[in-house]
Structures are given as structure tokens and as C-alpha cells.
Amino acid sequence: METITSACIRLDAKVANKTEAICLAGRLLAEAGYIAPDYVESMLAREEVANTFLGAGVAIPHGRIEDRRHIRRTGIAVVQVRDGIDWQDGQRARLIVAVAAQSDEHIAILRRLTRLMQRPGSIELLADTDDPALILSTLADGPEAPAPVAEAREWPADALTTWTLDYPNGLHARPATRWVETARRFACEIRIYRETQFADAKALTALLALGITRGDGLRIAARGPDARRALDAMLDTVVSLSGEEKAEAGRARRNALAARRSAPDWLPADGPQTVYGLGASPGLAVGILVRHAGTHFEIQDTPGDVVADAEALEASIFSVRAELEQQEADTRGLLGASEAAIFAAHRELLADAGLMREAMANLLRGHGPAWAWKHAMQAHVEQLQALADPLLAARALDLRDVGERVLASLLGVERQRLMLDQPSILVAEDLTPSDTLRLDMRFVAGLAVSGGGPTSHTAILARTLGLPAVVAAGSALLAAPAGLTAVLDGSLGAVYLEVSEADREAAEAVVAHQLDSRRALRENRMLPAVTLDGHRVEIAANVASAGQAAAALEAGAEGVGLMRTEFLFLERDSAPDEEEQYRAYRGMAEVMAGRTLTIRALDIGGDKQVPYLRMPAEQNPFLGVRGARLLLERQDLLYAQLRALYRAAAHGPIRIMFPMVTHLDEIEALRVHCERARAQVNGPRLEIGIMVEVPAVALLADKFAQLVDFFSVGTNDLTQYTLAIDRQHPALAAQADSLHPAVLELIARTIAAAKRHGTWVGVCGGLAGEPLGARILAGLGVDELSMSAQDVAAVKAALRTETIAALQALAQRALAAGTADEVHAL
Ligand code: PEP
Ligand code: MG
């Protein structure tokens with residue numbers, strides 16, 4: 001029996017949308033006698049509840065099972081839409097293969113289709129061909145036609161660009177998720193090529209499977225009506241993430257360095273057997289070792305009706321996706337945005353068309369849904385595990401995590417939950433993020449895993465939950481018998497096995513002390529930072545949104561010392577206009593309810609590039625048109641921002657701060673522009689200050705102090721410009737240490753000049769949030785320290801235990817040192 005004839009193939013169809021495409025395919029089937037016209041209604045009805053997009057430009061609309069009575073005999077119709085039509089959520093269908101199947105005779109055709117989809121170029125050939133015979137011979141019954149891939153034409157891109165990936169940890173799941181999110185905003189097809197391989201930019205696992213590591217040259221190609229805009233947006237996302245990725249890698253390196261520098265809080269006296277790994281979340285934990293095994297699923301391969309099985313699988317995926325959405329929202333509220341991003345990445349893994357295609361292909365090969373899903377997932381997990389880059393390979397764990405959630409939902413079983421009744425140290429090969437969040441925190445004291453790395457999602461969650469953790473401890477850890485009493489040091493990366501009674505008691509005393517200090521920090525976070533002899537330092541926070549400002553106040557911050565406005569300008573296609581900026585700044589002023597809010601004017605350039613501004617490429621962007629230099633060149637941006645700020649100031653006090661000022665005439669000019677913008681909107685007079693980030697400004701601080709209302713020292717940039725070390729250089733960034741005496745000397749000069757002229761001075765770079773840095777800066781005489789919200793309570797507490805005289809003496813010793821290491825040793 002023929003399931004496809006040339007009468008059922010429509011080449012280069014002109015249809016405006018999905019409904020028209022389905023109706024046309026239905027008409028072809030009806031006219032050829034395969035179905036009664038009522039079946040078309042059923043096909044449309046199915047789309048309302050389930051998306052039939054298969055992936056790679058192919059959709060397979062079909063009716064509901066209960067409407068099979070309208071099928072006269074099994075048949076297939078193909079509608080070719082060369083430019084593609086929007087199927088759902090940005091998916092574009094170019095080949096619409098409508099299926100009317102009485103039982104399973106159509107499976108051979110679908111099997112061919114899914115196989116073809118796995119061969120690059122094959123589907124494109126069918127979607128572009130003028131020859132119905134090619135479609136017929138490729139899809140019709142009989143021996144399988146040879147794959148047309150050999151002659152596949154080069155994919156004709158409408159827009160193409162190249163980029164070399166510079167993320168220190170390669171393209172791992174979090175940035176890749178942002179790529180996919182951007183790609184999905186556009187209807188066109190977008191591909192990422194690495195050498196001869198490519199992936200659909202809208203499919204997360206395919207993208208991860210390319211194994212893109214730092215230094216890989218990529219080509220980003222787009223095809224379709226909005227290709228140019230899509231490519232600009234992709235490049236914007238790709239490049240703007242570069243700064244975040246480098247900053248995160250720098251932070252991890254600095255933390256590791258700090259942990260190595262500080263003496264351990266506790267060491268065993270009795271020399272127990274010790275397993276070393278990497279410290280992933282600081283703190284000491286005491287407990288019995290408990291082995292955490294992953295969930296084991298008993299899978300029977302029980303195929304049923306293919307369509308019903310596919311529906312069951314789809315339903316499970318939908319329900320897990322809904323769970324993940326909820327978990328993402330809950331985690332954002334409870335733990336924070338970066339932790340929530342883990343579950344957004346999991347959702348993307350689940351939305352991957354390649355994974356779904358493979359599962360469908362397994363169903364079509366005659367397997368049951370659980371088997372089909374498990375094996376598709378396993379194949380993708382193995383693909384990721386095989387990647388040479390261990391950071392990318394670690395993402396296999398995330399895929400297994402979501403994959404197992406779908407399996408549990410399909411099989412109707414609860415994933416195993418560990419029952420604990422005493423303080424425990426969990427030992428596992430690795431823990432998935434969902435395992436970590438499901439732990440019974442009353443009894444879990446620490447985590448030790450044989451695999452993983454300090455940047456794994458589990459490590460991130462452990463740090464946020466304040467749970468000491470050691471990763472990459474190797475097989476020796478797994479060999480340790482369960483039930484032993486152990487001590488884990490998450491700073492040092494050590495697990496002490498079978499400790500003596502005396503060691504256990506000593507470690508417990510340290511843990512109790514650590515817990516007390518943490519509790520005290522939290523309880524006292526609202527107290528001011530007043531030294532024992534009554535000297536007060538204002539403690540403020542660095543934020544990027546009204547939400548972060550509110551969280552900072554809750555964490556004990558007394559004001560905002562640095563509001564970075566760049567976030568409003570990144571990851572979009574055009575600059576926010578005055579109105580949008582006004583609303584954002586007004587929102588912040590309202591959250592601050594009268595407290596100090598220092599808003600920094602746009603600091604674009606350097607590592608923060610905004611493609612839509614179309615600035616010429618620079619050899620050394622950190623030494624190029626950055627910050628104030630850009631604002632003076634682009635007065636359209638400057639005035640929109642200034643007017644928005646002066647209007648927002650009607651809703652609460654705002655101070656304006658300019659970044660990257662180098663010359664006296666820059667601030668003179670900026671003051672004139674401020675006054676003009678103020679007059680245009682009839683705004684109140686505001687304090688105008690500058691960041692001290694360029695050594696020249698610190699050296700001429702006496703002169704600058706006469707032109708500004710305040711200084712804020714940006715130690716991150718001041719350090720990179722003083723030491724001539726790129727603050728994000730993968731190999732050198734750890735040496736870009738703001739405690740270098742040369743940097744401290746420039747800060748001391750700035751503060752002294754400010755005092756001479758009665759100019760207020762704060763510090764908003766990273767040094768302000770480090771315990772030793774904060775004490776030295778207070779000793780040098782700053783008025784305010786502004787830092788990440790999470791550092792506020794600890795810095796306040798540290799300053800409260802000192803006298804200003806002791807801090808001044810400490811600052812003088814630091815200035816007299818010859819190296820950063822000498823300062824650290826103070
Ligand atoms: C700094 O340079 O210290 C600073 C606070 O600015 P940013 O880190 O945003 O460059
Ligand atoms: Mg800076």
C-alpha cells in the first residue's frame with residue numbers, strides 16, 4: 001500500500017501560518033482519499049494541546065487518537081515551505097509532514113525522517129528541492145534511499161560573523177543557556193559552527209556537545225528574515241557574557257588563593273587517614289559518613305501505541321518543565337538569581353530538540369517510552385562526558401538530573417530521598433542540583449564528592465546554602481566505609497576519616513563557634529560600623545537594580561555607594577530611552593526611601609561592549625574609549641541618562657558619579673553637561689562626583705578635589721592600571737591584588753587630598769568588601785566602604801572590634817610594606 005504519492009507533495013507552498021499549512025496538508029490527504037475532511041479539524045485540535053514540531057525544520061502534524069475513524073487508509077502529505085513558517089515559540093518549520101495513520105504503517109516513514117534529521121544537510125535538501133521525486137524517493141516505502149547528505153549544499157547564511165570564545169571555563173551550561181534564550185527570540189535559523197561541526201543555537205545539548213572551549217574560533221550564521229537582527233543580538237549576548245564569565249573565574253581564583261593563604265581553623269591532633277580534594281564551600285563539618293546513591297530506576301521496555309507513548313512522554317516532560325519553572329522561581333526568592341539560573345539551564349536541557357528527536361526515534365523503533373527516553377538521555381549524557389574539557393563534561397550530571405526527573409514522572413515513582421537522623425557528611429560520586437536542594441538540612445553537616453569541580457552547580461548551591469563541601473576527592477573517598485565519624489574542612493578541601501574522640505570534640509567546638517559567629521553576624525547586621533573608640537564608617541552596597549538595592553538594605557547596607565547602570569544597556573538591541581531609564585532610577589530612589597543612592601553614569605567600554613553602539617574595534621579596549629570618554633563622545637547617551645537622573649531625583653536623593661575620568665577638563669565638561677540637562681528638566685541640584693580609577697587622578701587628587709563633590713575609589717580598575725595587569729587576565733588576574741602597597745599609596749594620597757579640601761571620599765571597588773582591605777581603608781580615613789551585599793555584615797562586625805588608632809597603625813604598616821604578600825601577612 002502506498003503511503004505517499006506525488007499528489008500529496010506540495011512544493012514551495014505559499015502559506016502564511018501554521019494553520020494554513022496544516023489545512024493545506026489536510027486537503028492534500030483528503031483529495032487523495034486518505035482521510036475524511038473532519039480529520040483536519042482533529043489535526044488542528046491536537047496542535048492546541050501538543051506541539052508537533054519534531055526539530056531541524058520538520059513538523060509532523062497528526063490528528064487525535066480518538067479521531068482515527070476519519071482515516072480511510074494510512075497516508076502522508078508533505079508541504080514544503082521554503083522560507084519556513086513560525087510553528088511555535090520561534091521554531092521554524094520548512095517541511096510539514098502530515099500523518100494520517102490507522103495503526104503503525106507510517107512508522108517506517110517517520111523513522112526515515114528522524115534518521116535524515118540526524119544527518120546534517122539532508123532535511124535542508126528536501127526543504128529546498130524543486131523535485132518531488134527526491135522527496136518521494138527519500139520518504140516512500142521500499143529499501144531506504146541513500147541519504148542525500150553527500151550532495152548537501154553549503155548552508156546559505158543571510159548573516160555571518162566570527163568570534164573567538166574567551167570564556168575562561170569554556171561554553172558551559174549557564175552561558176550556553178543565555179545563548180539559547182537569545183537565539184529563541186528570533187524566527188530565523190541560527191547555527192554555531194566550530195571547525196566542521198555545527199549546532200542549532202536554539203538547542204542546548206547540541207550546543208554543549210560541540211565542546212567549545214576557550215580559544216575556539218566560532219562562526220555564527222543566521223538564515224531567515226530577521227537574520228541580521230538575530231546575529232547582532234547573538235553577538236551582543238555572546239560578548240557581554242564574556243565579562244561576567246571572566247569576573248566569575250577571577251572571583252573563584254581569588255577565593256581559592258585566599259583560602260590557601262589563611263591558616264586552617266582546625267587541624268586534627270591524632271593524624272587520622274585523610275582524603276584530599278578541592279575546597280568547594282568553606283567551613284568545618286563533623287558527622288558520620290553516609291553514602292548517597294543515585295536513584296535506581298527499574299525500566300521495563302514495554303512498547304504500546306506509538307502515539308500514546310509519545311503523548312505520555314510529552315506529558316512527563318511538560319510536568320517536569322513546570323516543576324523546574326516553579327523551582328526556578330522559588331530558588332530565585334530563597335537563594336538568588338545565579339542559583340535560580342541553574343534551573344533555567346535545566347529547563348533548556350529539557351527543551352532540547354535533539355534529545356526529543358532521539359527519544360521519538362527510539363519510540364518509532366518500537367521501544368516503550370521509559371526505555372526510549374532513558375536511552376536518548378544516556379546517549380546525550382555520554383556525549384557530554386566524552387568531552388575533553390572537564391568543566392563541560394561535568395554538565396552531563398545536570399542532564400542526568402533532569403532526565404531522571406522525567407523518568408520518575410513517567411514511571412510514577414518518587415525519587416529516592418535520603419533519611420537521616422544524626423549529623424552526617426554525605427559522600428557521593430556526585431550530587432545533582434536537585435539532590436542537593438532536597439537534602440534534609442537538619443542533619444546534613446557537609447558534602448564530599450569524588451567527582452565534580454568547584455564551579456559545578458552543586459558547589460554553587462552548597463556555598464549559597466552555607467554547607468561546607470569538598471569536591472574532586474577521588475576514589476579514596478568512595479572507598480571509605482559508611483558510618484565512620486569524619487571531619488570535613490571545606491576551605492582546605494580535606495576529609496579526615498575516623499577521627500579520634502578528642503579530635504571530634506575539638507572540631508565540634510570549632511563548628512559551634514563558627515555557627516555562633518554566623519548567627520551573631522546576621523543578628524547584628526543592622527548595627528552601624530562604629531569602632532570601639534566611636535569612629536563611624538558608612539557601609540554601603542554595590543547594586544545593579546532596585547531588587548538588589550532592597551536585598552542590600554535587608555543585608556544591613558546603609559546606602560548604595562555604587563549603582564552600576566550598565567545592566568540597563570546590556571543584552572538588548574538598542575539603548576534604553578530616557579523614559580525607560582527614568583522609570584528604573586525612580587524605582588531605585590523609591591526603594592532607598594531617602595538613603596544615599598550613588599548612581600554611576602554609563603561605564604561602557606573595556607570588557608563591557610555593547611554592539612548596537614557600533615563603536616570602532618580597539619586594540620586595547622581597557623585603554624580606549626571607556627566610561628566618561630565614551631559619554632563625552634556620545635552625548636546622545638549622556639543627555640538621555642542625565643535627564644532621566646535629574647527627573648528621578650524628584651523621588652529621592654541621588655548622587656551622580658562619572659567613571660574612568662582621567663583629565664581635569666573632562667570633569668569640567670561633564671559638570672557643564674549636567675547643569676544643562678538639569679535645566680532642561682528643571683531638576684534639583686545634585687552632588688557630582690568621580691570614580692578614582694586612573695592613577696593620574698589619584699596623583700592629582702588635590703586638583704580634582706576642587707572640582708567634585710565626592711570621590712569614590714574604584715580599586716578594581718585602579719589596581720589594573722597601577723600594576724598594568726588586565727583584571728581579567730586568566731593567568732595574571734590573581735596578581736592584580738588591590739592590597740599591593742603601590743595601590744594603597746595612591747588611595748592614601750587620594751584620601752589625604754580629599755581631607756585637605758573637605759571632599760567626601762568612599763571606596764567602592766572589591767577591596768572595600770575584604771576583611772583586611774576594609775580595615776586598612778578605614779585606617780586610611782575613608783568616609784564610606786561600598787561592597788557586595790553579602791560582605792556587609794562581616795565588614796561591619798570586623799570594624800566594630802577595633803579602635804581607629806589600631807586601624808590607622810595597621811594602615812601605616814601596610815603602606816610601609818614592599819609587596820602584597822607582606823600586606824596579607826599583617
Ligand atoms: C572598580 O573599578 O573598582 C569599580 C568599582 O568599577 P567596576 O568594577 O564596575 O569597573
Ligand atoms: Mg571600574
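We count ligands from 1, going down the list as the structure has it; atoms in each ligand are counted the same way. Positions are given from 1, in the same order as the sequence printed here.
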Give the atoms of ligand 1, by number and element, whose distance to some non-hydrogen atom of [X] is under 4.0 Å.
| X | answer |
| --- | --- |
| Met691 | 4 (C), 5 (C), 6 (O) |
| Gly765 | 3 (O), 5 (C) |
| Gly714 | 1 (C), 2 (O), 3 (O) |
| Leu562 | 5 (C) |

What's within reach of the Mg ion (ligand 2), meaning protein N/O/S atoms under 2.8 Å?
-> Glu693 OE2, Asp717 OD2

For residues 650-669, the salt bridge (charged side-chain N to carboxylate O under 4.0 Å, His left out) pairs (sequence neighbours left out) are Arg655-Glu687

Residues pairing under salt bridge (charged side-chain N to carboxylate O under 4.0 Å, His left out) where one sits in residues 711-720, two or more places apart or in two chains, turn out to be Arg626-Asp717, Asp717-Arg727

Under-4.0 Å salt bridge between [X] and [Y]:
| X | Y | answer |
| --- | --- | --- |
| Asp577 | Arg643 | no |
| Arg185 | Glu181 | no |
| Glu580 | Arg583 | no |
| Glu554 | Arg522 | yes |

May I ask you to identify the nearest protein heavy atom to atom 8 (O) of ligand 1, giving residue, atom name and distance to one decimal place in Å?
-> Arg727 NH2, 2.7 Å

So which protein heavy atom does atom 6 (O) of ligand 1 come closest to, and at what separation?
-> Arg600 NH1, 3.0 Å

Reported CG-to-OG distance for the pair Leu562 and Ser786, which is rounded to 0.5 angstrom = 6.0 Å

Quick one: pull up CG in Leu527 and NZ in Lys796 and give me the separation to the nearest 0.5 Å.
-> 7.0 Å

Under the side-chain hydrogen bond (donor to acceptor under 3.5 Å, both in side chains) rule, collect the residues that match up with Trp760, sequence neighbours excluded.
-> none

Taking N or O atoms only and a 3.5 Å limit, does Glu566 qualify as a polar contact for ligand 1?
-> no

